[in-house]
S.K.: 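One structure, as structure tokens, below. Some questions next.
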There are 2 protein chains.
Amino acid sequence: MQLTSRGRYAVSAMVDLAKHQNEGPITLSSISERQFISLSYLEQLFRKLRENNLVESVRGPGGGYLLAVEPKDITISHIMSAVNETIQTTMCKTDETGCHRGSRCGTHNLWSALGLHIKFFLETVTIQNVCDDKDFLNTLKAVEKTLSKQ
Amino acid sequence: MQLTSRGRYAVSAMVDLAKHQNEGPITLSSISERQFISLSYLEQLFRKLRENNLVESVRGPGGGYLLAVEPKDITISHIMSAVNETIQTTMCKTDETGCHRGSRCGTHNLWSALGLHIKFFLETVTIQNVCDDKDFLNTLKAVEKTLSKQ
DNA sequence: GTTATACCCGACTCTTTTAGTCAAGTTTAA
DNA sequence: TTAAACTTGACTAAAAGAGTCGGGTATAAC
């Protein structure tokens, strides 16, 4: 199980964009240089980000990309799904090819709980949080404490 | 990002084993039938589970596999790492090929927090819990409540 | 109106990982 | 002796991921 570059690059680029928000349209080549991501690959990613209304483009010289939404309203989850980086923890379908040939397998609840666990994290954190480099570890400790009480 | 069959199959097989614990050695072919996993593939997985001391084998007729540890002491994390299903959320290295050419990228803390978040879940849940089909969703709600207060 | 900048788009290739198979063993109870 | 069942290494095919390439189009500046 591995987080792919696609998702990580997309988030890095969006954070970069957020940090330079007040400088007008930001070119992909500048992001490319700062984030060590190839220009062609960025173009691919930004196509999807634009189609999902996370960024706006300005064409022509002096053009570039702008955030279409405030950083505090863009979650990691938004970005990840925009570039098709979905979190799949189950393979369960209702047909014959599904997790247990139609019926629920004994581990179904486990995997869907894991899926929700991850989903919640990604939906909670915004790129504003990342820009502020919010201390995620403190948040996590609170989670662990709660879980341990169960 | 996707949980692969390897990890899911291994957990299913271990849960199956736990549920038939008191019946003596369990053959892979019986697990194969119950869990819809090919025998050859199971053999591959159980080699790793044995090498990691999670199961014991009994050879010859009447043989099979036994849990080497109590179900309450086997976490999902143990099983996953035994079959090399690791959770990689970062690509960070300290060399030139790392996340930001030596220095820390702006999203490093985000991804390592995600990694810890998942790790904690997998280390908390045991196969005993899965056998009992513990209500994971209630647990998760408590987590969400805690996080929302932040 | 020409030019250069920078976004736009589809198709393609290369590599790695995963899933699953196969063909041999070896051990041991009956 | 036989058959059940584990043991092992190697192999193949399919899928996904990472990244490239070669063209486009819009538009500001001159």
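A, B, ... follow the sequence lines: proteins, then strands. Residue 1 opens every chain. These numbers come from the heavy atoms of this one structure, side chains and all, not from hydrogens, waters or symmetry mates. The shown structure was predicted, so the numbers you read here are calculated from the model rather than taken from an experiment.
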S.K.: Tell me the closest heavy-atom pair linking Leu17(A) and Tyr65(A), and the distance in Å.
M.R.: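 Closest pair (atom of Leu17(A), atom of Tyr65(A), distance): CD1-O, 3.6 Å.
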S.K.: Quick one: label Tyr65(A) by what it contacts on the DNA or RNA (base, sugar-phosphate, nothing), any heavy atom closer than 4.0 Å.
M.R.: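 Answer is sugar-phosphate: Tyr65(A) comes under 4.0 Å of backbone atoms only.
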S.K.: Quick one: what's the B/S/- string for nucleotides 25-30 of chain C, heavy-atom cutoff under 4.0 Å, read 5' to 3'?
M.R.: BBBBB-
S.K.: Identify each atom pair where a protein N or O and an N or O of nucleotides 19-24 of chain C are less than 3.5 Å apart, giving names and distance.
M.R.:
from, atom 1, to, atom 2, distance (Å)
dA19(C), OP1, Ser5(B), N, 2.6
dA19(C), OP1, Ser5(B), OG, 2.8
dA19(C), OP2, Arg6(B), N, 3.3
dT21(C), OP2, Ser38(B), OG, 2.8
dT21(C), O4, Gln44(B), NE2, 2.9

S.K.: If only atom types and distance count, is the side chain of His117(A) paired as donor or acceptor with the main-chain N or O of Ser112(A) below 3.5 Å?
M.R.: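 Absent.
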S.K.: Please work out if Ile26(A) contacts a base, only the sugar-phosphate, or nothing of the nucleic acid, heavy-atom cut-off 4.0 Å.
M.R.: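 Result for Ile26(A) = sugar-phosphate.
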S.K.: Considering non-hydrogen atoms only, spot the tightest contact between Ser57(A) and Arg50(A) and give its length.
M.R.: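 Between these two residues, the closest heavy atoms are OG-CD, 3.7 Å.
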S.K.: With side chain to side chain donor-acceptor pair (under 3.5 Å) as the test, would you mind laying out the steps for Arg34(A) and Ser30(A) before giving the verdict?
M.R.: CA-CA 6 Å; Arg34(A) 284 190 296 266; Ser30(A) 72; 3.2 Å; yes
S.K.: Would you kindly give the CD1-to-C1' distance between Ile37(A) and dT20(D), to the nearest whole Å?
M.R.: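 Result: 16 Å.
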S.K.: Can you tell me the distance, in whole Å, between the CZ atom of Phe46(B) and the C1' atom of dG9(D)?
M.R.: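 Phe46(B) atom CZ is separated from dG9(D) atom C1' by 20 Å.
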S.K.: Check the distance between dT18(C)'s P and Met80(B)'s CE and give it to me in whole angstrom.
M.R.: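 Met80(B) atom CE is separated from dT18(C) atom P by 12 Å.
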S.K.: Any salt bridge between Glu123(A) and Lys119(A), counting N to O under 4.0 Å?
M.R.: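 Yes.
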S.K.: With a 3.5 Å distance limit and no angle check, can you tell me whether His78(B) reaches the backbone of Thr75(B) through a side-chain donor-acceptor pair?
M.R.: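 Pair found, side chain donor or acceptor close to backbone of Thr75(B).
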S.K.: Mind checking side chain to side chain contact (heavy atoms under 4.5 Å, CB included) for Gln44(B) and listing every partner two or more places apart, or none if nothing turns up?
M.R.: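 Testing Gln44(B) for side chain to side chain contact (heavy atoms under 4.5 Å, CB included), a comparison that skips the adjacent residues, returns Tyr41(B).
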S.K.: Is there a path of hydrophobic side-chain contacts, each under 4.5 Å between heavy atoms, that joins Ile127(B) and Val69(B)?
M.R.: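 Linked, Ile127(B) and Val69(B) end up in one cluster.
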S.K.: How many whole angstroms separate atom NZ of Lys48(A) from atom P of dC8(C)?
M.R.: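 After rounding, the reported distance stands at 15 Å.
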S.K.: What is the distance, rounded to the nearest whole Å, between atom CG of Leu42(B) and atom P of dA4(D)?
M.R.: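 These atoms are roughly 19 Å apart.
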